[in-house]
Amino acid sequence: MLEQILTTGFLVSLLAGAVRMSVPILLPAIGEIFTQRAGILNLGLEGIMLMGALGGFVGAFFTGSLWIGVALAVVVGMLFSVIMAVLSVTIRADQVIAGVALTILGTGLSTFLFRVIFGIQKLPPAIEPFEAISIPVLSNIPILGPVLFQHNILVYLTFILVVLSAIVLKRTTFGLKVRAVGEHPQAADSKGINVYLIRYICVVIGGAFAGLGGAFLSIGYMNTFLDQMSAGRGFIAVAVVIFARWNPYRAVGGAFVFGLASALQLRLQALGVPIPHQFLLALPYVLTILVLISVSKKADFPSAFTLPYNRGER
């Protein structure tokens, strides 16, 4: 058993799997950075991801185009996140309760709509997912090539979005407004920044990323839609945001750690390692708890984090 694990092939397979498994965590985490930077906590990522996964699969299944599926998943994610924006920004409801409610709604609604559209079948309907693309020259580099440069287009797109998000948050006027709204909304308002609009936009951006993360699961990683297929990744994404301290580049490292835990438990199960599979399945979630305990006390949250804004209150 140990001889099978201590091989280059196992290491390469594990790391490549970790990169793939990190994507459905990294995408909602990047979107949540925008949301939390603006002072909103969206715990409804899990529900939004499931709705995005369903939207992506339905779009790809009925049109035969994976890219239409991706677009539909993003639109569904944006529309579903508007519910969170209305509850947290306009109604000023408790953001934790609103997020949990959105998760419950997305979980139930995605399952219900899937049953309505496809009925109850012995085998779930399937599509052809995105194929892996080998980057010329780079994919031939020993170890690094298979780990980094032999993935499907959504994996590469994810890392491009990480760079773009970091630039938007750090180098643009919009990013400055987002940070101002999250740190001191009253001061931002006095400078003419529309706090409500910025928060709406950031919550919707978070929904778009979560929807894309769901699409990766249904049409980029698997080839079908399954009930609750996000499997807690939306909550893990929130932990990654805190772990990364609202920095998109650090989020890559955080998501990779969780992706590595997921990939490791799958491979150990495949090898028949004599460890209860329930323990292996729980490994990423145990890691989430440990990260939150170790990092949350040191995290420098935005000053107006989870605080609803009312222009009339000073």
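Reckoned from all heavy atoms, side chains included, excluding hydrogens, waters and symmetry mates.
Counting only heavy atoms from C-beta outward, the side chains of L41 and T35 never approach each other to under 4.5 Å. Contact of the L161 side chain with the L27 side chain is registered, since non-hydrogen atoms from C-beta on lie closer than 4.5 Å. L105 is listed as a side-chain neighbour of I83, based on a closest heavy-atom distance under 4.5 Å. A 4.5 Å side-chain heavy-atom check between L26 and F159 finds at least one atom pair inside the cut-off. Under the 4.5 Å side-chain criterion, counting only non-hydrogen atoms from C-beta, L109 is in contact with M51. A 4.5 Å side-chain heavy-atom check between P125 and F225 finds every atom pair outside the cut-off. In this structure, R233 and L217 have side chains that are in contact, with non-hydrogen atoms separated by less than 4.5 Å. At least one side-chain heavy atom of F256 sits less than 4.5 Å from a side-chain heavy atom of L15.
When atom types are taken as modelled, the side chain of S22 and the backbone of G259 share no donor-acceptor pair closer than 3.5 angstrom. At distances below 3.5 Å, at least one donor-acceptor pair connects side-chain atoms of Y156 with backbone N or O atoms of F149. Side chain of Q150 to backbone of S134: no donor-acceptor contact under 3.5 angstrom is found. One N or O on the side chain of R179 and one on the backbone of L169 form a donor-acceptor pair closer than 3.5 Å. The closest donor-acceptor contact from the side chain of E32 to the backbone of V241 lies at 3.5 Å or more, if one exists at all. Without hydrogens or angle criteria, N223 side chain to P129 main chain gives no donor-acceptor distance under 3.5 Å.
Minimum heavy-atom separation, Q36 to P302: O-CG, 3.4 Å. Here the shortest heavy-atom pairing between A210 and M49 reads O-CG, 3.5 Å. The two residues G106 and L50 come nearest to each other via the heavy atoms O-CB, 4.2 Å. For L72 against G55, the heavy-atom pair with the smallest separation is CD2-O, 3.2 Å. Nearest heavy-atom pair across A53 and S218 is O-OG, 2.9 Å. When every heavy atom of I25 is checked against every heavy atom of A237, the shortest pair comes out as O-CB, 3.6 Å.
Both L266 and L14 sit in one connected hydrophobic cluster of ILVMFWY residues. Membership requires side-chain heavy atoms under 4.5 Å apart, directly or through other members. Side-chain heavy atoms closer than 4.5 Å link hydrophobic residues (I, L, V, M, F, W, Y) into clusters, and following such links, possibly through other members, connects I133 to I219. Both F80 and V86 are part of a single hydrophobic cluster, where members link through side-chain heavy atoms under 4.5 Å apart. L138 is connected to L157 through a chain of hydrophobic side-chain contacts under 4.5 Å among Ile, Leu, Val, Met, Phe, Trp and Tyr, so both are in one cluster. Both V82 and L54 are part of a single hydrophobic cluster, where members link through side-chain heavy atoms under 4.5 Å apart.
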Q: List the steps, then state whether side chain to side chain contact (heavy atoms under 4.5 Å, CB included) holds for F216 with N152.
A: CA-CA 10 Å; F216 178 83; N152 69 44; 4.1 Å; yes
Q: Evaluate the side chain to side chain contact (heavy atoms under 4.5 Å, CB included) criterion for residues V70 and L154: first the C-alpha distance (whole Å), next the side-chain angles of each, then the deciding distance (0.1 Å), finally the verdict.
A: CA-CA 9 Å; V70 169; L154 292 184; 4.2 Å; yes
Q: Determine, step by step, whether N310 and R92 satisfy the side chain to side chain contact (heavy atoms under 4.5 Å, CB included) criterion, reporting the C-alpha distance in whole Å, the side-chain angles of both residues, the deciding distance to 0.1 Å, and the verdict.
A: CA-CA 9 Å; N310 184 354; R92 297 194 292 277; 3.5 Å; yes
Q: Starting from the C-alpha separation in whole Å, work towards a yes-or-no answer on side chain to side chain contact (heavy atoms under 4.5 Å, CB included) for S13 and R267.
A: CA-CA 9 Å; S13 172; R267 279 154 182 77; 3.0 Å; yes
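Taking the centre of each ring, F34 and W246 stay at or above the 6.0 Å mark. Taking the six-membered ring for Trp and the full ring otherwise, the centers of F118 and F61 sit less than 6.0 Å from each other.
If you take CZ on R250 and CD1 on I33, they are separated by 10.5 Å, rounding to the nearest 0.5 Å. The distance from atom CG of L148 to atom CD1 of I135, rounded to the nearest 0.5 Å, is 10.5 Å. The distance from the CZ atom of F112 to the OG1 atom of T107 is 15.0 Å, given to the nearest 0.5 Å. With rounding to the nearest 0.5 Å, the separation of CD1 in I40 from SG in C202 is 9.0 Å. Between the CD1 atom in I127 and the CG atom in L66 there is a gap of 5.5 Å [rounded to 0.5 Å]. Here the CZ atom belonging to F235 is positioned 6.5 Å from the CG atom belonging to L43, to the nearest 0.5 angstrom.
In this structure, Q121 places its CD atom where more than 12 heavy-atom neighbours from other residues, nucleotides or ligands lie under 6.0 Å away. By the neighbour-count criterion of 12 heavy atoms within 6.0 Å, atom OH of Y221 is sparsely surrounded, having that number or fewer from other residues, nucleotides or ligands. Other residues, nucleotides and ligands contribute more than 12 heavy atoms inside 6.0 Å of the CZ atom of F62.
If you run side chain to side chain contact (heavy atoms under 4.5 Å, CB included) between I193 and each of L176, I198, V178, only I198 comes through.
A donor atom on one side chain and an acceptor atom on the other are not found under 3.5 Å apart for S88 and Q95. Using modelled atom types and a 3.5 Å distance limit, the side chains of E46 and S230 yield a donor-acceptor pair.
Y309 and Y196 have tilted rings, their planes meeting at an angle from 30° to 60° on a 0 to 90° scale. Between F114 and F57, the two ring planes are tilted [angle within 30° to 60°].
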